[in-house]
There are 2 protein chains.
Amino acid sequence: MAASTLTEVARLAGVSPATASRVLNGSARKPGKDIAERVRQAADSLGYIPNAQAQGLAKSSSGLIGLIVHDIADPYFAAIARGVQEAAREQRRMVLLATTDGAPGEEKEAVAAFAARRADSIVIAGSRSSRAEDGDQNAELAAELDRYCRNGGQVAVVGHPVVGAAAPEGYHVVSVPNQELAADLAVELAAGWDGDFVIIGGPEGLFTSDDRIRGFQEGLSRAGRGPAEVLRSSFNRSGGYDAGIKLAARIKAGGTGERGRPAGTGLGIFAVNDVMAIGAAAALRAEGLRIPRDARIAGFDDIETLRDFRPALSTVSLPLEEIGRLATRATAPPAADGDEQDYAPLPVAGKVMLRRSTETAD
Amino acid sequence: MAASTLTEVARLAGVSPATASRVLNGSARKPGKDIAERVRQAADSLGYIPNAQAQGLAKSSSGLIGLIVHDIADPYFAAIARGVQEAAREQRRMVLLATTDGAPGEEKEAVAAFAARRADSIVIAGSRSSRAEDGDQNAELAAELDRYCRNGGQVAVVGHPVVGAAAPEGYHVVSVPNQELAADLAVELAAGWDGDFVIIGGPEGLFTSDDRIRGFQEGLSRAGRGPAEVLRSSFNRSGGYDAGIKLAARIKAGGTGERGRPAGTGLGIFAVNDVMAIGAAAALRAEGLRIPRDARIAGFDDIETLRDFRPALSTVSLPLEEIGRLATRATAPPAADGDEQDYAPLPVAGKVMLRRSTETAD
DNA sequence: CTGTTAGCGCATTCAA
DNA sequence: TTGAATGCGCTAACAG
């Protein structure tokens, strides 16, 4: 990695390194019009590229923003990543990527790695977990984040705050109204279907999943329904599939027959995210069931790639890209124009999307 | 970003910075067992995190790997990114992300930015283009890459080499047999359908698209068929949709009636990637047509998220993640164990997947 | 085996 | 305005 240095450029231009630095980078000070051109030409002819590492060392700021996701191939995170990337570009920063599979231990590692690289800010997109097994690592993650913030780092978390993290400054949360939206969804679904509901949830302790489950139950109750049964499964397509297989058996066995309905009348299924919903739908189909005839199904997220899925999936639309942008902007250095940086949780709006997969066939 | 420094740790431990450095990082030299512990403890109590920028400056190597994609939210690139990320982790490196929308100009910028950050290597995943309008920028990109390699950087390109780039060393290509696979696909499709074929391609000059088109035509000819008509469109879902609308009109108008077939007998459609195929399918459906009854359709890539799409999409499966891994590994520093780094193009295997969307209904 | 010295490339004080 | 000096945090030669 031997490239030409600022000193070389300066020498070629017959000026001091300091001057060269001033013209080549956005220094507040104005270099002589004539000399500036000479320096620029020298730089050009040498193919000079400033060493960002050195700049960072000298300036104590790297222009780097770290992004933590569970899995970059998951369309949910990919969409958020796009938003982050977009905002980062606006701010002329580069994004460093880390994937963790949602393990708090790995997330802690990632934060440390970002800190080592002196990333100016960090965006954490994965769902937090409060599982007991993750307790220690969650604490370590929180400690690592606190330290990072204390050293001047900016952190934005999508969804829930990290358990136990309480950095006084530089800690932002882009809160997603999962619970409220899930409740809205339940209410709308209940209006069009008076049968039983079942929820396919993620592992217990996953905040995103738990919030959506809680919200859905709330909505059900608001609609005068009893709470739905909750099937726990993994938070991905195969989790949805597994749950779908179980439900298919149940449906084929003749339905629950509760609430005075004839048996075999189907089921209202709410999967806590689209990918799980698709998995469940695939399972039902594999078992010879049809949607929405034999089962109504809804997801959450409104993943773009899945919109062409048929029957069109009812879901809750979330502005994923926007969320990524918001999180990134929240970590931007405080505006120079005196505007107060607001540290209040940033709001995000979602929207219930009723589509074919939950259409009342009758 | 003020964190504790190595010097502070050393002072607290009562040793020299050099010694502290030796124990805290993987130096070849072994520090005294006793002293090592003292240093480690000091580091721990101070919450010391090495400054990677400084390390990079001193060692002339950053542990960074730059990844260039068109769009991280596109499942094709997301899958590759996952592979890159995985391999990077194995090599204890971090990935820097840049998205370019496929514009060679932006790619050049990205390469420069990576060079500035002193990334050890760069993986370029987007398709190359040979469009005349991109000529200058392609040349600039090539020049930038050459310079990067000349300075010791490692580059891996997925698919085609960058036009005009001819770095003697450190330039690797993970070649994807787009053409051969498309030919295979054509042959297999032609075996099950004796009607006409139409190709929905990307903009002219996009290598990936052009290769797949060429291969498909080749396969057709190998199967004794005449060349298919090519519809140009944008390389994404909406491009596929637009083309699909046109084709729907044509199909509804009664088919081409060529080759002695009765009119209105449908069409064999090959979209050069899955996302376009899905778009086209959506368009046909929107126009009241059914697949595979009214039109058979096949894509390319075998995007994971799209596998639950119905009717299941015939396509060519590509080991996207593996491609990402391969590219990343190709740029790894030459193995220390004397094994020669092989600079030959790395091969990748794909596989034709015939599914429901091209099933012969009769 | 440990400590000392000297940069890595750049930004930024300070004088001039 | 420009140039000379200093330090960012760390590693790698040296010397002890």
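This structure is a prediction, so every number in the text was calculated from the model and none was measured. So you know, we letter chains A, B, ... as the sequences are listed, proteins then strands, and number each from 1.
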Taking distance alone, no hydrogens or angles, what donor-acceptor pairs closer than 3.5 Å link side-chain atoms of residues 40-50 of chain B to residues at least two apart or in another chain?
| residue | atom | partner | partner atom | Å |
| --- | --- | --- | --- | --- |
| B:Ser45 | OG | B:Ala42 | O | 3.1 |

Could you state the [atom1]-[atom2] distance from [X] to [N], rounded to the nearest angstrom?
X: B:Ile35; N: C:dC1; atom1: CD1; atom2: P; result: 13 Å
X: B:Arg11; N: C:dG3; atom1: CZ; atom2: P; result: 14 Å
X: A:Arg118; N: C:dC10; atom1: CZ; atom2: P; result: 20 Å
X: A:Leu6; N: C:dA11; atom1: CG; atom2: P; result: 6 Å
X: B:Arg38; N: C:dC1; atom1: CZ; atom2: P; result: 16 Å
X: B:Lys59; N: D:dG9; atom1: NZ; atom2: C1'; result: 13 Å

Out of C:dT4, C:dG9, D:dT11, which nucleotide sits closest to the side chain of B:Ser16? C:dT4
Go through D:dG3, D:dA12, D:dG9 for me and flag the one nearest to the B:Ala18 side chain. D:dA12
Examine D:dC10: is either OP1 or OP2 under 4.0 Å from a nitrogen or oxygen in the side chain of B:Ser21? Give yes or no. no
Side-chain donor/acceptor of A:Arg118 to backbone N/O of A:Ala115, under 3.5 Å: yes
Checking A:Tyr76 now: which residues fulfil ring-ring contact (aromatic ring centres under 6.0 Å, His included) with it, not counting sequence neighbours? none
Distance in Å, B:Leu326 CG paired with B:Ser175 OG, rounded so as to fall on 0.5 Å steps: 10.0 Å
Hey, what do you get for OG1 (B:Thr7) to CG (B:Leu12), rounding to the nearest 0.5 Å? 12.5 Å
Near-strand residues of residues 42-58 of chain B, defined as heavy-atom separation under 4.0 angstrom from DNA chain C: B:Leu57, B:Ala58
Could a donor-acceptor pair under 3.5 angstrom be found where the side chain of A:Arg22 meets the base of D:dG3? yes
With distance as the sole criterion, is a donor-acceptor pair present between the side chains of B:Arg93 and B:Thr328 under 3.5 Å? no
